[in-house]
Amino acid sequence: MSAAAVPARGTACSDSLRTRILLAILLWVTLGIVGIWYSATTLFAKHVERSYHDELSVHIEELAGLVRVDAGGELMLDRPLSDPRYLVPLSGFYWQIDVPDRPPMGSASMTRGSLAGQVARDDAIRHRVERGPTGATITYGVVRHVPRVGAVKFLVATDQRILDETVASFTHELTIWLAALAAALVATGFAAVSFGLQPLDRLSRASARLRSGAAARLDGDYPSEVAPLVEDLNAFIDYNRVTVERARVEAGNLAHALRTPLAVITDEAERLLQRAETRESAHSLLDQGQTMVQQIEYHLARARSAAGARGPTTQCRVDEVLPPILSAMRRLHPGKQFEFVALDAAESSWPLDPVDFAELLSILLDNAGKWSRRNIVVELTGNAETLQLRIVDDGPGLAPENTVTAFEIGTRFDPSKPGSGLGLAIAHDIAQAYDLQIALGARSDGRSGLEARITVTLAAAPTA
Ligand SMILES: Nc1ncnc2c1ncn2[C@@H]1O[C@H](COP(=O)(O)OP(=O)(O)O)[C@@H](O)[C@H]1O
Ligand SMILES: [Mg+2]
């Protein structure tokens, strides 16, 4: 039985060029986006802090500049601070002036609580996070000497929450934008990879067509990186075909050259058979001659077969190959009924050379014709994965132990019919060359007769 395994093609993830490039793109985009995100948020937070610092330093200077001492020795402001946020109750913007031995003055916004004010120690403006009326505040403080009052603490504070919120809202928006950018980059990366690898996909489809026999060479136009490879492969395919063709012709020539001397030897041996004293050697000569004829016929048939080339194969259909063979068989075996039943696969293509397919069918039909009592039926069934052709006769059939040995060169179980014992050996050879399964067996309906089955597993369509 022919069951040459087709080598499995590597399809593991890491073997795919596309997967590799996509992984690289993913890594590259992730690194880039995370890098941008980190540096942008850090820079922004620093920038916001610095601008708060500048603003509050100006405010504290403004506050210190607005202070006056009235006639009664009380502290007062010329006018409110220019920033209106110091007027809105609990806005998060506060000022406070601490005067020794008096209750502190506070901004209108500070409707409750007070600023701790430890940060103000001398005449340099300092800042730190302290407790304020509405949570933690960034408090700026300075001590200035006011005439007639003495050392006065000026404090200006902003809720830490406001700064945090500004940074958080920026980070949130930036994250959304960068996520969208990452998605766009990955999508264009995918598109670029698909576009860039298209020639390789085309090449793989062309190679599948070559294997299935739909094409004799790798066809199509390819970019400059791939074109030399395709040209070399095509040159190799052509060279292979020529070489195999020459070898077939030479094998044929050799077989023909041997036939005539072999016929002379056989003739001579038959003459020696007449004489009693040479009869034994004559028998042995005839036997050996017979074996040689068989071998020559067998190898000649093999050399004739296109399967021997096993290069690019072609496709053919049973309903095209079979009818001429059936009419030849009807002439060759008069009185026998040959019938073709295509159950549901008449139009399917078989992946082999039509000449080889015809030879294979002729061998099996000739046997069926020779041994059947009257009826021979050719049945074709199949689906997307397998096709099966059954040649069923109503003859004596074969003993189960002979169904395998029947394929050997020269094996014959019934010498009453003419033949060489080569047919099934050649049929087996052809089947093997095309990865077909061929088997003989009892009829599936249980009646007397032989059923020859040829099965082909169709190659899965190449996935683009
Ligand atoms: N359809 C069949 N019915 C019965 N026996 C068969 C059938 N086909 C083949 N055989 C047996 O298998 C043997 C080998 O067949 P084959 O190789 O075609 O050689 P040949 O037909 O020259 O005898 C035959 O001699 C015959 O004994
Ligand atoms: Mg035969």
Side-chain angles (χ1 to χ4, degrees), residues 1-2 255 259 262 266 286-287 289-305 307-308 321-322 324-341 355-380 388-434 436-455:
M1 247 70 346
S2 152
R259 264 183 181 151
L262 204 54
T266 311
L286 281 174
D287 278 355
Q290 172 70 14
T291 310
M292 282 166 81
V293 169
Q294 270 180 352
Q295 291 290 340
I296 288 169
E297 293 298 333
Y298 172 70
H299 288 289
L300 198 56
R302 283 193 57 168
R304 262 202 313 272
S305 155
V321 173
L322 193 60
I325 302 174
L326 286 183
S327 47
M329 287 297 152
R330 286 181 190 118
R331 278 198 302 278
L332 203 60
H333 303 283
K336 305 282 169 83
Q337 294 275 336
F338 288 87
E339 195 193 340
F340 175 44
V341 190
V355 176
D356 286 336
F357 201 22
E359 169 125 31
L360 180 60
L361 295 178
S362 304
I363 290 168
L364 297 175
L365 281 167
D366 181 49
N367 283 351
K370 274 199 282 189
W371 277 282
S372 73
R373 279 191 304 114
R374 191 172 160 72
N375 292 310
I376 299 103
V377 181
V378 182
E379 264 179 23
L380 175 62
Q388 190 173 65
L389 194 76
R390 286 186 297 277
I391 294 163
V392 188
D393 67 54
D394 57 357
L398 272 176
E401 65 272 22
N402 293 340
T403 52
V404 175
T405 42
F407 288 108
E408 286 165 13
I409 300 174
T411 315
R412 308 199 66 228
F413 303 111
D414 177 11
S416 70
K417 298 271 196 292
S420 62
L422 292 178
L424 289 179
I426 293 166
H428 184 257
D429 230 61
I430 295 173
Q432 198 159 40
Y434 290 103
L436 310 178
Q437 272 104 56
I438 182 168
L440 300 174
R443 283 174 59 145
S444 38
D445 61 8
R447 297 198 198 163
S448 152
L450 190 75
E451 188 172 296
R453 287 181 288 269
I454 311 168
T455 316

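Note that ligands are numbered from 1 as they come in the structure, with each ligand's atoms numbered from 1 the same way. Computed over heavy atoms, backbone and side chain alike; hydrogens, waters and symmetry mates excluded.
Protein heavy atom closest to atom 3 (N) of ligand 1, with residue, atom name and distance, is Trp371 CB, 3.4 Å. Residue, atom and distance of the protein heavy atom nearest to atom 25 (O) of ligand 1 are Arg412 CA, 3.4 Å. Counting protein heavy atoms only, atom 19 (O) of ligand 1 is closest to Gly421 CA, 3.2 Å. Protein heavy atom nearest atom 16 (P) of ligand 1, with residue, atom name and distance: Leu424 N, 3.7 Å.
Atom CD1 of Ile296 sits about 11.0 Å away from atom CG of Leu422, to the nearest 0.5 Å. Rounding to the nearest 0.5 Å places CD1 of Ile325 at 9.5 Å from CD of Glu359.
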(request) Could you walk me through whether Arg447 and Asp394 pass the side-chain contact (heavy atoms from CB on, under 4.5 Å) test, one step at a time? (result) CA-CA 8 Å; Arg447 297 198 198 163; Asp394 57 357; over 6 Å; no
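By the criterion of a heavy-atom distance under 4.0 Å, the side chain of Leu450, and not its backbone, is placed next to ligand 1. The side chain of Lys370, and not its backbone, has at least one atom closer than 4.0 Å to an atom of ligand 1 (non-hydrogen atoms only; side chain from C-beta on). Residue Phe413 touches ligand 1 through backbone and side chain together, judged by heavy-atom distances below 4.0 Å.
For ligand 1 and Gly419, the ligand atoms under 4.0 Å from any heavy atom of the residue are 22 (O). Shown in contact with Gly397 at under 4.0 Å from a heavy atom are these atoms of ligand 1, numbered in order with element: 4 (C). Each of the atoms 1 (N), 8 (N), 9 (C), 15 (O), 16 (P), 18 (O), 21 (O) of ligand 1 lies under 4.0 Å from some heavy atom of Asn367. Listed by number with element, the atoms of ligand 1 under 4.0 angstrom from any heavy atom of Thr411 are 13 (C), 14 (C). Under a 4.0 Å criterion applied to the non-hydrogen atoms of Asp414, ligand 1 contributes the atoms 27 (O).
In summary, Ser420 places no N/O/S atom under 2.8 Å from the Mg ion (ligand 2), failing the contact criterion.
Note on residues 367-380: pairs passing salt bridge (charged side-chain N to carboxylate O under 4.0 Å, His left out), not counting sequence neighbours, are Glu379-Arg390.
Ile391 is not listed as a side-chain neighbour of Asn367, based on a closest heavy-atom distance of 4.5 Å or more. Residues Leu322 and Phe357 are not in side-chain contact: their nearest non-hydrogen atoms beyond the backbone lie 4.5 Å or more apart. Contact check for Leu389 versus Leu364: no side-chain heavy atoms found under the 4.5 Å cut-off.
When all heavy atoms of Leu326 and Phe338 are compared, the pair lying nearest together is CD2-CB, 3.9 Å. Across all their heavy atoms, Arg331 and Pro334 have their closest contact at O-CD, 3.5 Å.
Under a 4.0 angstrom heavy-atom cut-off, Gly395 registers as lying outside contact with ligand 1. For Asp393, the closest heavy-atom approach to ligand 1 falls below 4.0 Å.
Checked options Phe407, Tyr298, Tyr434; the residue passing with His428 is Phe407 (criterion: ring pair (Phe, Tyr, Trp, His ring centres under 6.0 Å)).
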